[in-house]
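Have a look at the structure below, then the notes.
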Amino acid sequence: MIIARTAVELRAALDSKTGSIGFVPTMGALHIGHRTLIEKARVENDVVVVSIFVNPTQFLAGEDLSKYPRREEADFKICQLSGVDILFYPEVDAMYGNDEVSIKAPDIRGYILEGAVRPGHFDGVLSVVIKLLNITRATRAYFGKKDAQQLALITQMVENFFMCVEIIAVDTVRESDGLALSSRNVYLSASERIEALKLSASLKRATHLVMQGVRASNEIQRVMFEILQPLDVEYVAIVNRRFESISEVVIGDTIVLVAARVGTTRLIDNVWM
Ligand code: PAF
């Protein structure tokens with residue numbers, strides 16, 4: 001596995017390879033969810049590039065940037081064992097300069113839900129993703145459905161800027177008890193981890209309600225809120241794939257999302273219907 005620390009080093013490493021490039025962008029603290037993305041990239045491409053970069057521009061003041069889990073050695077090993085060809089591991093100054101052209105998330109879709117709780121977060125995500133997609137010259141880039149709004153906005157950016165990369169959405173990986181895998185799960189104490197199961201339980205109940213024929217969003221949201229008590233719920237939302245709020249579930253075009261704080265840890269989860 002080649003480790004590249006700058007765009008120039010990455011380009012040089014890519015120049016020695018041929019064929020399609022599958023790219024998995026990450027912020028490290030790799031878990032089985034990331035491995036699933038890497039494995040899919042491995043199967044579908046000739047060359048696999050993974051980036052590990054804790055992108056400062058997507059953290060708001062007071063968020064967990066400085067304490068975001070960093071596990072360099074374990075992450076390198078996981079990449080090596082997963083058959084990654086090139087690991088891109090830049091420092092902040094290899095990615096950002098002064099007085100740059102800025103990328104801004106769309107005014108509506110980029111500032112609702114996650115974007116409302118974390119205004120400016122998606123500007124930072126899109127800024128770094130466009131850089132990473134350009135540096136890696138990815139044929140396909142892999143993103144988890146767990147960050148559904150991020151995935152929708154990146155897909156939109158690729159369309160809006162006529163970029164030549166295919167965005168691949170990959171299903172959320174869960175623990176056997178339903179907890180969606182997240183790098184932030186390490187912050188949960190044993191009792192908080194049990195409380196955290198309320199997120200996936202509320203989504204499971206939403207799925208059951210829909211299977212029983214319930215379509216009204218407000219009824220599904222009401223039941224989910226009940227299950228989520230006494231967590232500090234930030235939102236329970238029902239949207240279509242374009243992230244427009246919908247009053248009725250439409251099978252094949254609906255995402256049910258939840259965000260809540262468990263202790264001091266902020267968790268998100270969703271189900272695609
Ligand atoms: O989902 C993430 O881990 C990050 O938002 C991403 C896409 C790697 C950009 O920093």
Side-chain angles (χ1 to χ4, degrees), residues 4 7 10 21-38 40-41 48-60 63-72 74-75 78-79 82 84 86-96 100 102-105 109-110 113-115 117-136 138 140-158 161 163 165-173 180-187 257 259 265-270:
L10 182 64
I21 299 168
F23 173 50
V24 181
T26 81
M27 298 207 299
L30 303 182
H31 51 65
I32 296 171
H34 296 111
R35 280 193 66 172
T36 307
L37 301 179
I38 297 171
K40 197 163 163 55
V48 175
V49 181
V50 169
S51 65
I52 296 180
F53 179 61
V54 183
N55 172 38
T57 65
Q58 70 188 73
F59 289 81
L60 272 58
E63 285 190 345
D64 59 351
L65 173 62
S66 60
K67 71 175 185 96
Y68 196 84
R70 285 168 171 82
R71 304 228 184 93
E72 181 177 316
D75 286 350
I78 289 170
C79 287
S82 312
V84 172
I86 306 173
L87 175 61
F88 184 47
Y89 191 67
E91 296 287 343
V92 174
D93 58 7
M95 291 298 287
Y96 290 103
E100 294 205 326
S102 51
I103 299 282
K104 200 182 157 301
R109 245 168 268 173
L113 304 174
E114 284 303 286
V117 181
R118 308 177 70 194
H121 165 70
F122 288 121
D123 300 353
V125 170
L126 296 179
S127 301
V128 80
V129 169
I130 197 167
K131 284 170 186 263
L132 290 167
L133 292 175
N134 284 335
I135 300 171
T136 55
R140 299 182 188 88
Y142 296 79
F143 295 88
K145 285 186 178 173
K146 177 166 166 290
D147 292 305
Q149 196 175 357
Q150 163 173 287
L151 174 61
L153 290 169
I154 290 168
T155 305
Q156 185 183 344
M157 176 175 73
V158 165
F161 290 169
M163 294 163 70
V165 55
E166 192 184 345
I167 300 298
I168 311 280
V170 182
D171 287 341
T172 301
V173 182
L181 293 190
S182 161
S183 301
R184 290 192 166 99
N185 290 351
V186 296
Y187 301 146
L257 308 111
T265 307
R266 192 170 180 275
L267 297 177
I268 59 171
D269 200 353
N270 62 64

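When a ligand or atom number is given, it counts from 1 through the structure's own listing order. None of the values given here were measured: they were computed from a predicted structure.
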Any N or O of Gln150 closer than 3.5 Å to N or O of ligand 1: yes

Leu65 atom CG, neighbour heavy-atom count above 12 within 6.0 Å: yes

Closest approach of any protein heavy atom to atom 3 (O) of ligand 1, naming residue and atom: Met27 CG, 3.7 Å

Set of residues satisfying ring-ring contact (aromatic ring centres under 6.0 Å, His included) with respect to Tyr96, sequence neighbours excluded: none

Heavy atom of the protein closest to atom 10 (O) of ligand 1 (residue, atom name, distance): Gln58 OE1, 2.6 Å

Which of the ligand 1 atoms, numbered from 1, are nearer than 4.0 Å to a heavy atom of Pro25: 8 (C)

Mode of Ile154 contact toward ligand 1 - side chain, backbone, both, neither (heavy atoms, under 4.0 Å): neither

Residues that Glu63 engages under salt bridge (charged side-chain N to carboxylate O under 4.0 Å, His left out), provided they are two or more places apart: Arg118

Contacting atoms of ligand 1, where contact means under 4.0 angstrom from a heavy atom of Val128: 9 (C), 10 (O)

Option among Phe53, Tyr187, Phe59 that satisfies the ring-ring contact (aromatic ring centres under 6.0 Å, His included) test with Tyr68: Phe59

Straight-line distance of Thr26 OG1 to Leu132 CG, nearest 0.5 Å: 9.5 Å

